[in-house]
Protein chains: 2
Amino acid sequence: MAIKERKEREKQEMRNLIIESATQLFLKQGYDKTSIRSIADDIEYSPATIYLYFKDKDEIFYVIHENAFDLLDKELRQHDAIADPFERLGALGRTYMQFGIENPDYYDLMFIMRAPMEQIKNEEKWKAGECAFGYLLTTLAECLEQKKIRPADLHVTAIQVWSYVHGLVSLYVRERMCILMQTDEITRQILHSSFDLFLANLKT
Amino acid sequence: MAIKERKEREKQEMRNLIIESATQLFLKQGYDKTSIRSIADDIEYSPATIYLYFKDKDEIFYVIHENAFDLLDKELRQHDAIADPFERLGALGRTYMQFGIENPDYYDLMFIMRAPMEQIKNEEKWKAGECAFGYLLTTLAECLEQKKIRPADLHVTAIQVWSYVHGLVSLYVRERMCILMQTDEITRQILHSSFDLFLANLKT
DNA sequence: TGAATATAATAAACACTGTTTAGTAAATGC
DNA sequence: GCATTTACTAAACAGTGTTTATTATATTCA
């Protein structure tokens, strides 16, 4: 009865095919232009077939959203080796910002768009988000323990750090930084200077 | 030849009627569900008529976006009388956050959504945004002058403040604060505590 | 092996969306 | 009173996400 297993494998392969196509189209043309029909066209199946493998469009983008978190997670974990928690905090922030600036569409899906969060509501918890946030929490806990940063409630401090880098990246990604009336290059420099200043103010 | 003037007046009245209906529907059902057809239905005209008064849907929402900025501006100007610039800065931040939390749809349109910015690109400058940002700049300039906050570049500091409050509000509005796994009430309290902490760190 | 059943895929439709075009009816100018 | 401009709309166009009924293929079992 290996047929059932083969069928399961084929089902998973088809899901992967859809996700790969959707991801590629999403990164090339953005969310709105990535329609079910365009994905179907790309993989040379009918639009209705996609609904045999995914409940709706949101479910597809929820998977892409999870994959994007894996990517960010990998980049953040590169700094595991940094012993000093405050230095690690700085590295995490810079890497987070760089990720957002270099992958604006992924960042959008992860932290700005409503679409994948609709899916999350049916799940009770935001797994991917919790993982990255958890990493920030442990780093900050170390910072507080070693009195590297000003004493304050752990969660309040975490929200402070995350909101801050998210504010910078999301204003940049959604093109509100245009009020500075500077080139993209200079704007990004200001973003990084601003983060450095923030870190300095956080220090004891 | 007062006919021309009356015609102009009627044209403006029709534009207002459309904007009023669109605003009301937008605040009730959000952007996506506010279709041209639903506005047409509401004002009892055909959908095509709307296109005689507005170029496209974006142009309608650009006007709503401007009105929302007027609203925020009015609330921010309430603090003009506060003599101490640092105290005024705190009041501005709290009012900004409150505005976003109480008017999530307006906030979305003003600082998160892509739609109205397409319109803004054709205008060379972001009038409404510049006005509010300018107010922040002058307040911060006073703070720096009177050495109420840590010395730093004016624009970098402004971006820092704005990004910070925007980060808090936008994560809240787009439901990412769910990682805290707290009630809405407590989440909002954390938001405010976080801002207080931020201000304290900014102080000299 | 052959008939019955289960699975996979799709064409076509449904109910929407923003927007354009062609045509009608009313107001205005002369 | 007639020609012209203006205001409006029905219908169509080209999309969207999603569902349903149908067909073709693969699997099971007698």
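All figures in this text were calculated on a predicted structure; none of them were measured in a lab. When reading the values below, keep in mind they use all heavy atoms of this one structure, side chains included, and skip hydrogens, waters and symmetry mates. Order of the sequence lines fixes the chain letters, A, B, ..., with proteins taken first and strands second; residue numbering starts at 1 for each chain.
Classified by interplanar angle (parallel below 30°, tilted 30° to 60°, perpendicular above 60°), the ring pair B/Phe111/B/Trp162 is perpendicular. Between A/Phe133 and A/His155, the two ring planes are tilted [angle within 30° to 60°]. Ring orientation note: the planes of B/Tyr31 and B/Phe61 are nearly perpendicular, at an angle over 60° on the 30°/60° scale.
Rounded to an integer number of Å, the gap from A/Gln29 CD to D/dG15 P is 13 Å. Put simply, CG on A/Leu17 is 16 Å from P on C/dA8, counting in whole angstrom units. When the P atom of C/dA11 is taken as reference, atom CD1 of A/Ile50 falls 13 Å away, rounded to whole Å. D/dT18 atom C1' lies 12 Å from atom CD1 of A/Ile60, rounded to whole Å. The nearest whole Å value for the distance from the OH atom in A/Tyr51 to the P atom in C/dT7 is 23 Å. The separation between B/Glu10 atom CD and D/dT5 atom C1' is 15 Å, rounded to whole Å. In this structure, NZ of B/Lys57 is placed 16 Å from P of D/dT16, rounded to the nearest angstrom. Separating the CG atom of A/Leu52 from the C1' atom of C/dA6 is a distance of 14 Å, rounded to the nearest angstrom.
Remark: A/Arg88 does not engage A/Asp84 in a salt bridge, criterion side-chain N to carboxylate O under 4.0 Å.
Side-chain N or O atoms of B/Thr139 include one that pairs as donor or acceptor with a backbone N or O of B/Tyr135 at under 3.5 Å.
Annotation: A/Tyr62 is in aromatic contact with A/His65 [ring centroid separation under 6.0 Å]. For B/Tyr96 and B/Tyr107, the ring centers are positioned less than 6.0 Å apart.
A/Asp56 comes within contact range of the sugar-phosphate backbone alone, with a heavy-atom separation under 4.0 Å but no base atom that close.
No hydrogens or angles were tested; on distance alone, a donor-acceptor pair under 3.5 Å links the side chain of A/Arg37 to the base of D/dG17.
Checking the phosphate oxygens (OP1, OP2) of C/dA8, no side-chain nitrogen or oxygen of A/Tyr53 falls inside 4.0 Å.
Looking at residues 39-49 of chain B, you'll see B/Tyr45, B/Ser46, B/Ala48, B/Thr49 sit with a heavy atom under 4.0 Å from some atom of DNA chain D.
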